[in-house]
Amino acid sequence: MSSSASLNESQHAHKKRRRKKRLRLEDITVIDNSTLKRAVAAAALGNAMEWYDFGVYAYLAVVIGDVFFTGADPTIRQLATFGAFTVAFLIRPIGGMVFGPLGDKVGRQKILALTMIMMSVSTFCIGLIPSYDTIGVWAPILLLLARLVQGFSTGGEYGGAATFIAEYSPDRKRGLMGSWLEFGTTSGYFLGAAIVSILTTMLPTDDLHSWGWRIPFFVAGPLGIIGLYMRTKLEETPAFQDQAEQAASEPTQKNEFVNMVTGHWKPLLVCIGLVLVFNVTDYMLLSYMPTYLSANLNYSQDHGTYLVLIVMLVMLVMQPVVGALSDKVGRKPVILFGSMAALILSVPELWMIQTGNEALILTGLIMMGLTLNCFTGTMPSTLPALFPTAIRYGALAIAFNVSVSLFGGTTPLVTSWLISATGNLYMPAYYLMLGGVIGAITILCTRETAGKRLIGSTPAAADKAEAKELLAEHHETIEEQVEDISSEIERLEMRRDNLIYEHPELYKQQQAEEQQQAEKGKE
């Protein structure tokens, strides 16, 4: 067979594949606006519940240390308290490995309802645990068990919620819609911080330590009931329904976890790198800074919390703005800007926080919050787009929780230990800078996903008019690709002709070999 014939056959096969995959208007999913709003609200409320739980613990860290680790040295007590905080993150990957693949099999909605129940019950139970003075060593043991349940359930929460919103969102608005997930996160932190601040202000220290600290944990009960009700009223995402129909007619692969890792190790590593810079910044500001201000800079506990409350209000305002911006300019520029801000501005921010000047302290914290906005406004739409529908929940849950467990959730503990070991109050800045370097390298190695359909899913539009626009853009893209391929074929043909002209003997030899192979094939 000649090279020209091979090229013609390849070109014919390409045209045949193109005809088979040509997108039609009915193939584009038009998202119902009311359903989208309910899906976003339910996912965001659940995420708010999750981070309310974790936020309350972080803001009550000093009190919890006094209640559950009575008699220990102040430094040891602080480390033990953050150790109990960190242990929940160590079990999160296990929760992700359990709930993530289940979410890809039985549905996102069912697993998200289950994680909501587990989170609210475990948080409520923390408020029931007697103090160390009452039951001794059983107090920290029960606290540890409750935190383990929290961490296990949380392992299936973020990946599922991000997947749920991403699969329900129109392609052109996925950044804006996804940003509301982290709006829920910040709202949960804000609610937890606000309740703790009110209690620490209104209650005497003895009352706060004896019973007042329990109130924020009891609030998790009604919040969980509301979130569970909202989640049970939702349908599965269109992308999952299409995938489930397709999977029903195909044999199920064995060793799905192994296939996921071996077949998608690059996006898994990208996800881990992006989550690292995202969560190191998140936990440094929202979980550790109040303790840093009180334990290391000698401010009162409520003073640091009030400052972070103001920062969170600024972040809530900016959150949807950043999400919408990422739909316009792309996810990569926004994430890269945040990573560079973490690298360049962290030391100046810590300097301002250490000055003792209220205006400078607040400015430093707000700068850190705006840096965090670059991640919270983009990650819920960026991370789900890394994986195909069939493994999206599982892959995201596993990669996200591995990164959070190793780098994000350990941030308060590691930073506290570094300051204790070195006496250097700039350790939080150095930690943030390292995260910024990793984030910048990772995002530069990531493809842009803004405005594009999710892998393995059909395009999604907000209405029929937008669906027609997406169809036209798709056909234009296909035509451009065909032109590029045709140009490449012409270039290769010219190169072949030149080689034939310059080395006719090699061409004759190649033809003879191809002829012999063809004859052997016939035999």
Side-chain angles (χ1 to χ4, degrees), residues 26-47 50 96 99-116 156-184 227-250 256 260 267 271 323 327 379-398 400 449-463 466-467 470:
E26 54 267 30
D27 294 329
I28 298 177
T29 302
V30 178
I31 305 296
D32 178 69
N33 190 50
S34 60
T35 303
L36 172 61
K37 289 180 179 179
R38 287 189 288 110
V40 171
L45 180 60
N47 216 44
E50 172 190 355
F99 291 123
L102 276 177
D104 287 323
K105 286 184 178 179
V106 304
R108 288 78 161 106
Q109 182 264 348
K110 296 181 180 65
I111 300 302
L112 287 174
L114 178 59
T115 58
M116 173 66 73
E157 174 60 31
Y158 187 92
T163 295
F164 200 79
I165 292 179
E167 292 181 350
Y168 254 120
S169 298
D171 295 340
R172 293 180 176 178
K173 296 181 179 178
R174 189 165 292 117
L176 174 60
M177 294 296 105
S179 69
W180 291 107
L181 179 64
E182 286 296 333
F183 186 94
L228 179 63
Y229 173 79
M230 292 181 66
R231 287 189 171 182
T232 54
K233 294 298 181 180
L234 292 172
E235 296 181 356
E236 288 293 350
T237 66
F240 176 79
Q241 293 181 27
D242 292 342
Q243 177 63 34
E245 292 176 2
Q246 181 180 349
S249 60
E250 297 178 356
E256 292 181 359
M260 180 194 304
C271 185
D327 285 325
M379 292 298 179
S381 55
T382 301
L383 301 179
L386 296 173
F387 307 103
T389 304
I391 64 165
R392 182 170 295 125
Y393 193 159
L396 178 52
I398 292 171
F400 184 91
T449 60
K452 300 178 181 179
R453 64 178 176 178
L454 296 172
I455 303 173
S457 302
T458 59
D463 51 43
E466 187 175 289
L470 289 177

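Please read all numbers here as calculations on a predicted model, not as lab measurements.
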K.L.:
Do Leu112 and Phe164 come close enough that some side-chain heavy atom pair is under 4.5 Å?
P.N.:
yes

K.L.:
Mind checking side chain to side chain contact (heavy atoms under 4.5 Å, CB included) for Leu102 and listing every partner two or more places apart, or none if nothing turns up?
P.N.:
Val98, Ile111

K.L.:
Considering residues at least two apart in sequence or located in another chain, which fulfil the salt bridge (Lys or Arg N to Asp or Glu O under 4.0 Å) criterion with Arg392?
P.N.:
Glu167

K.L.:
Any chance CD of Gln241 has more than 12 other-residue heavy atoms, nucleotides or ligands included, within less than 6.0 Å?
P.N.:
yes

K.L.:
List in chain and number order the residues that pass side-chain hydrogen bond (donor to acceptor under 3.5 Å, both in side chains) with Asp32, two or more places apart in sequence or in another chain; answer none if no residue qualifies.
P.N.:
Ser34, Thr35

K.L.:
Not counting sequence neighbours, which residues clear ring-ring contact (aromatic ring centres under 6.0 Å, His included) with Tyr393? List them please.
P.N.:
none

K.L.:
To check you understand the geometry: which heavy-atom pair defines the closest contact between Ala461 and Pro170, and what is its length?
P.N.:
C-CB, 3.9 Å

K.L.:
Do Trp180 and Ile165 have side chains that approach each other closer than 4.5 Å (heavy atoms only, starting at C-beta)?
P.N.:
no

K.L.:
What's the shortest heavy-atom distance between Gly227 and Leu45, and which atoms?
P.N.:
CA-CD2, 3.7 Å

K.L.:
How close do Pro384 and Ala162 get, heavy atom to heavy atom, and via which atoms?
P.N.:
CG-O, 3.7 Å

K.L.:
Please list, chain by chain and in numerical order, all residues satisfying salt bridge (Lys or Arg N to Asp or Glu O under 4.0 Å) with Glu182, sequence neighbours excluded.
P.N.:
none

K.L.:
Run the numbers on Leu396 and Thr163 for side-chain contact (heavy atoms from CB on, under 4.5 Å), then give the verdict.
P.N.:
CA-CA 8 Å; Leu396 178 52; Thr163 295; 3.8 Å; yes

K.L.:
Enter the distance from Leu454:CG to Thr449:OG1 here, rounded to the nearest 0.5 Å.
P.N.:
8.5 Å

K.L.:
Between Asp104 (side chain only) and Gly394 (backbone N and O only), is there a donor and an acceptor less than 3.5 Å apart?
P.N.:
yes

K.L.:
Kindly give the heavy-atom pair with the smallest separation between Gly175 and Asp327, and that separation in Å.
P.N.:
N-OD1, 2.8 Å

K.L.:
How long is the gap from SG on Cys271 to CG on Leu386, to the nearest 0.5 Å?
P.N.:
6.0 Å

K.L.:
Which heavy atom of Pro238 sits nearest a heavy atom of Ile31, and at what distance?
P.N.:
CG-CD1, 4.4 Å

K.L.:
Check salt bridge (Lys or Arg N to Asp or Glu O under 4.0 Å) between Arg172 and all other residues, then give those that pass, not counting sequence neighbours.
P.N.:
Glu469, Glu473

K.L.:
Can you list everything that forms a side chain to side chain contact (heavy atoms under 4.5 Å, CB included) with Ala390? Sequence neighbours excluded, please.
P.N.:
Gln243

K.L.:
Give the minimum heavy-atom separation between Ser169 and Ala460, together with the two atoms involved.
P.N.:
O-CB, 3.7 Å

K.L.:
Is it true that a side-chain atom of Glu236 and a backbone atom of Gln109 form a donor plus acceptor pair closer than 3.5 Å?
P.N.:
yes

K.L.:
Closer than 3.5 angstrom, by distance alone: can the side chain of Arg108 be matched with the main-chain N or O of Gly103 as a donor-acceptor pair?
P.N.:
yes

K.L.:
The criterion is ring-ring contact (aromatic ring centres under 6.0 Å, His included); which residues satisfy it with Phe240, sequence neighbours excluded?
P.N.:
none

K.L.:
Kindly indicate whether the side chain of Asn47, heavy atoms from C-beta on, has any atom under 4.5 Å from the side chain of Tyr158.
P.N.:
yes

K.L.:
With sequence neighbours left out, what residues match Ala42 under side chain to side chain contact (heavy atoms under 4.5 Å, CB included)?
P.N.:
Met230, Arg231, Leu234

K.L.:
Is there side-chain contact between Arg174 and Lys452, with at least one heavy-atom pair below 4.5 Å?
P.N.:
no

K.L.:
In chain order, what residues pass the side chain to side chain contact (heavy atoms under 4.5 Å, CB included) check against Leu114, with sequence neighbours excluded?
P.N.:
Phe99, Met118

